[in-house]
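Values below: every heavy atom of this structure, side chains too, minus hydrogens, waters and symmetry copies. For the single chain, residues carry numbers from 1 onward in sequence order.
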Amino acid sequence: MNKILVFLLLFFGLNACGQRPNKVQDRLNQSYVESTRAMFKQIKEYDEELEYILAVKESYGCTYEVLVNGFPVFSHYDSGVFTGNIPINQAIIKSGVQKAEVVVTPAVDVNYGSKKSLDLSKSKFDFSIVCQNKSGELTTVYTYSLPQYETSLAAFEDSIVFDVPKVCYEHDVQNWDSSVDLQRDDRAKLQKEVETVYTNVIESFNKGKAEELARIAYKSQLDYHQYSYLKSSSYANFLIDFWKNSYKSKEIEPLKDYEMRLYAGGRIVKLVRVDKENYNKSPLALVARDGGRTSFYEINLHRPKEGGALEVIR
């Protein structure tokens, strides 16, 4: 089992679940309980369970975002040095050539104040795309280093390509290849529709509507566990507890300081924060009632067919 994914899943769960009683709704509709448990009977097992990872070796002197096939997989808009591993299977939807884009911007200080320009000679961003097999063995697919030379830029953009010979879950998860191109929609109407989805999530959290949260998240959670190769029935209980209890220890903030962005050639849409302290994070911010750490509930939307409603795809 992929230790990185297990850590991320458990970390998010510990930040999102609580113990305090709440009389609003403490029971999840039994049909959703059964659907969630049945989900894990649908997860296929493959001979090769390949996990692709963005392995950031070192970064400093800049902020940045990385997209794979137009899908945002990671952004770093904090001060200081960062290293870490980020799973990217969610952005790899079919075999063949994959494209990764890097957008590098000026560094920020501890108060999130941005420098006026980006000097590549004083910045570093080194990462690799690595592939981990079922046995945990790692193979480097591509290695990237930010060019270093004296310059003064508002931003620096670069792109790379790497090959993925086989995607075993290719036909078993949703993808956005055939989703509607939202660039053709009236932008004001689209934003209102997106805001309605986010507002529905906020209302469901505030009222403890675990059944509605389960309905919204079901397909994307099924896909997540498929492309992450998570099959243990204990994850069903984890998800049930999360949907049922998340509102007990967390308060979700109203939408604020955000803008709408399109990704993946206009086939994915989401809201992102634009305030300097939370730049590029989800506006679905869950604040701990006990004053603890704030977590962010991430959703990415698409329109599966023309005239249909927006749905959560990741």
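Using a distance-only test at 3.5 Å, with no hydrogens or angles considered, a donor-acceptor pair links the side chain of Asp223 to the main chain of Gln174. Using modelled atom types, no side-chain atom of Lys99 and backbone atom of Val97 make a donor-acceptor pair closer than 3.5 Å. Checked by atom type and distance alone, the side chain of Ser220 pairs as donor or acceptor with a backbone atom of Ala217 at under 3.5 Å.
Using a 4.0 Å cut-off between a side-chain N of Lys or Arg and a carboxylate O of Asp or Glu, Asp126 and Lys124 qualify as a salt bridge. Ion pairing between a basic and an acidic side chain is recognised when a charged N comes within 4.0 Å of a carboxylate O; Glu311 and Lys305 show no such pairing. A salt bridge links Glu298 with Lys270; the closest basic N to acidic carboxylate O contact falls under 4.0 Å. For the pair Glu253 and Arg273, the salt-bridge criterion is met [side-chain N within less than 4.0 Å of a carboxylate O]. Salt-bridge check for Glu203 with Lys209: passed, with a basic side-chain N closer than 4.0 Å to an acidic carboxylate O.
Judged as a salt bridge (Lys or Arg N to Asp or Glu O under 4.0 Å), not a single pair has a partner in residues 139-148 (not counting sequence neighbours). Residue pairs that meet the side-chain hydrogen bond (donor to acceptor under 3.5 Å, both in side chains) test with at least one member in residues 101-110, sequence neighbours left out, are Thr63-Thr105.
Annotation: Glu150, atom CD; neighbour count of heavy atoms from other residues, nucleotides and ligands within 6.0 Å does not exceed 12. Within a 6.0 Å radius of CD in Glu58, other residues, nucleotides and ligands contribute more than 12 heavy atoms.
Pro283 is not listed as a side-chain neighbour of Phe296, based on a closest heavy-atom distance of 4.5 Å or more. Between Leu146 and Leu120 the shortest side-chain heavy-atom distance falls below 4.5 Å. For the pair Gln132/Leu138, a side-chain contact is recorded, criterion being any heavy-atom separation below 4.5 Å from C-beta on. The shortest distance between side-chain heavy atoms of Tyr229 and Asn89 falls below 4.5 Å.
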> Between Asn278 and Tyr77, does a side chain to side chain donor-acceptor pair (under 3.5 Å) hold up when you go through it step by step?
Replying inline: CA-CA 8 Å; Asn278 298 296; Tyr77 289 93; over 6 Å; no

> Which is it for Phe127 and Lys57 under the side-chain contact (heavy atoms from CB on, under 4.5 Å) test, yes or no, and what are the steps along the way?
Replying inline: CA-CA 5 Å; Phe127 68 84; Lys57 296 180 180 179; 5.9 Å; no

> So Asp119 and Tyr149, side chain to side chain donor-acceptor pair (under 3.5 Å) or not? Walk me through it.
Replying inline: CA-CA 8 Å; Asp119 185 349; Tyr149 51 86; over 6 Å; no

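Checked against a 6.0 Å centroid threshold, the rings of Tyr142 and Phe162 do not count as neighbours. Under the 6.0 Å cut-off for aromatic ring centres, Phe205 and Tyr297 qualify, their centroids lying closer than that. Proximity of the aromatic rings of Tyr64 and Phe82 is defined here by a centroid distance below 6.0 angstrom, and this criterion is not met. Taking the six-membered ring for Trp, Trp176 and Tyr263 have ring centres at least 6.0 Å apart.
Residue Lys134 comes nearest to Tyr46 through the heavy atom pair NZ-O, 3.0 Å, listed as atom of the first residue, atom of the second, then distance. The shortest non-hydrogen separation linking Asp181 to Gly265 is OD1-O, 3.4 Å. In plain terms, the two heavy atoms of Pro106 and Ser114 that are nearest each other are CB-OG, 3.9 Å. Here the closest heavy-atom approach between residue Pro165 and residue Ser95 is recorded as O-CB, 3.5 Å.
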Going by atom type alone, with no hydrogens or angles, which donor-acceptor pairs under 3.5 Å involve a side-chain atom of residues 190-202 and a protein atom two or more places apart or on another chain?
{"unit_1": "Gln191", "atom_1": "NE2", "unit_2": "Glu195", "atom_2": "OE2", "d": "3.1"}
{"unit_1": "Glu193", "atom_1": "OE1", "unit_2": "Arg303", "atom_2": "NH1", "d": "3.4"}
{"unit_1": "Glu193", "atom_1": "OE1", "unit_2": "Arg303", "atom_2": "NH2", "d": "2.9"}
{"unit_1": "Glu193", "atom_1": "OE2", "unit_2": "Arg303", "atom_2": "NH1", "d": "2.9"}
{"unit_1": "Glu195", "atom_1": "OE2", "unit_2": "Tyr258", "atom_2": "OH", "d": "2.6"}
{"unit_1": "Thr196", "atom_1": "OG1", "unit_2": "Lys192", "atom_2": "O", "d": "2.9"}
{"unit_1": "Tyr198", "atom_1": "OH", "unit_2": "Leu271", "atom_2": "N", "d": "3.0"}
{"unit_1": "Tyr198", "atom_1": "OH", "unit_2": "Ile299", "atom_2": "O", "d": "3.3"}
{"unit_1": "Thr199", "atom_1": "OG1", "unit_2": "Glu195", "atom_2": "O", "d": "2.7"}
{"unit_1": "Asn200", "atom_1": "ND2", "unit_2": "Glu212", "atom_2": "OE2", "d": "3.0"}

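Cluster membership for Leu118 and Tyr279, using ILVMFWY side-chain heavy atoms within less than 4.5 angstrom, is not shared. Linking Ile, Leu, Val, Met, Phe, Trp and Tyr whenever their side-chain heavy atoms come within less than 4.5 Å puts Val68 and Leu262 in one cluster. Met260 and Val272 fall within the same hydrophobic cluster, where Ile, Leu, Val, Met, Phe, Trp and Tyr residues are linked whenever their side-chain heavy atoms come under 4.5 Å apart, directly or through other members.
A cation-pi arrangement is absent between Lys44 and Tyr169, since the terminal nitrogen or guanidinium carbon is not both under 6.0 Å from the aromatic centre and inside a 45° cone about the axis.
A donor-acceptor contact closer than 3.5 angstrom links the side chains of Arg261 and Asn280.
Note on ring orientation: taking the six-membered ring where Trp is involved, the planes of Phe125 and Tyr144 are perpendicular (angle over 60°, cut-offs 30° and 60°).
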